[in-house]
Amino acid sequence: MSKLPAVKVKDPTTGKEVELSPIKVWTLAPKTRKGVKIGLFKSPESGKFFRAKVPDDYPAK
DNA sequence: TTAATTCA
DNA sequence: TGAATTAA
């Protein structure tokens with residue numbers, strides 16, 4: 001329920017680069033590796049959900 | 001192949 | 001239940 005800042009992401013459904021606030025952000029990492037942070041987004045254009053990497057220093061959870 | 005998450 | 005996400 002945290003207020004996550006907007007991120008510049010490529011919307012794969014429209015092909016456009018847009019600024020969106022992730023619905024949710026979490027770390028996707030194997031035990032032995034650092035992994036990446038993933039955000040769940042909803043395209044304002046298409047209404048479709050998609051996932052994309054967010055910056056490493058992004059507040060997760 | 002591995003990791004968590006959630007939509008389809 | 002599977003896809004998709006990143007990158008080592």
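Sequence lines set the chain letters: A, B, ... in the order given, protein chains first and strands last, and positions in each chain run from 1. Computed from a prediction, not measured in an experiment: that's the story for all the values here. Note: hydrogens, waters and symmetry copies are ignored here, and every other heavy atom, side chains too, is used.
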**Asked** Looking across every strand, which nucleic acid part, if any, lies under 4.0 Å from A/Lys24 by heavy atom: base, sugar-phosphate, or nothing?
**Response** sugar-phosphate
**Message:** By nearest atom, which of the nucleotides B/dT2, C/dT6, B/dA4 is closest to the A/Val36 side chain?
**Reply:** C/dT6
**Prompt:** Rounding to a whole Å, what distance do you find between A/Lys37:NZ and B/dT2:P?
**Reply:** 24 Å
**Prompt:** Can you check side chain to side chain contact (heavy atoms under 4.5 Å, CB included) on A/Trp26 and A/Arg51, steps first, answer last?
**Reply:** CA-CA 11 Å; A/Trp26 66 94; A/Arg51 289 153 186 80; 4.3 Å; yes
**Prompt:** CZ of A/Phe50 versus P of B/dC7: gap in Å, rounded?
**Reply:** 14 Å
**Message:** Mind checking if A/Lys31 touches a base, just sugar-phosphate, or nothing, with heavy atoms under 4.0 Å?
**Reply:** sugar-phosphate
**Request:** Determine whether any donor atom in the side chain of A/Arg51 lies under 3.5 Å from an acceptor atom in the base of B/dT6, or the reverse, and answer yes or no.
**Result:** yes
**Request:** Answer with base, sugar-phosphate or nothing: what part of the nucleic acid does A/Leu28 contact at a heavy-atom distance below 4.0 Å?
**Result:** base
**Request:** For A/Ile38 and B/dA4, give me the distance from atom CD1 to atom P, rounded to whole Å.
**Result:** 13 Å
**Asked** Any Lys/Arg nitrogen of A/Asp11 or A/Lys8 sitting under 4.0 Å from an Asp/Glu carboxylate oxygen of the other?
**Response** no
**Gap between atoms NZ and C1', on A/Lys48 and C/dA3 respectively (whole Å)** = 12 Å
**Request:** May I have the distance from A/Phe49 (atom CZ) to C/dA3 (atom C1'), rounded to whole angstrom?
**Result:** 15 Å
**Asked** Is it true that a side-chain atom of A/Thr14 and a backbone atom of A/Lys16 form a donor plus acceptor pair closer than 3.5 Å?
**Response** yes
**Prompt:** Between B/dC7, B/dT2, C/dT6, which nucleotide has the shortest distance from any of its atoms to the side chain of A/Lys53?
**Reply:** C/dT6
**Main-chain N/O of A/Asp56 paired with A/Lys37 side-chain donor or acceptor, under 3.5 Å** = yes
**Prompt:** Looking at residues at least two apart in the chain, or sitting in another chain, which of them share a side-chain hydrogen bond (donor to acceptor under 3.5 Å, both in side chains) with A/Ser46?
**Reply:** A/Thr13, A/Ser43
**Message:** Tell me the interatomic distance from A/Leu40, atom CG, to C/dA4, atom P, rounded to whole angstroms.
**Reply:** 15 Å
**Request:** May I have the distance from A/Asp56 (atom CG) to C/dT5 (atom C1'), rounded to whole angstrom?
**Result:** 14 Å
**Asked** Nearest to the side chain of A/Trp26 - B/dT5, B/dA8, B/dA3?
**Response** B/dT5
**Asked** To the nearest Å, how far apart are A/Ile23 CD1 and B/dA8 P?
**Response** 12 Å
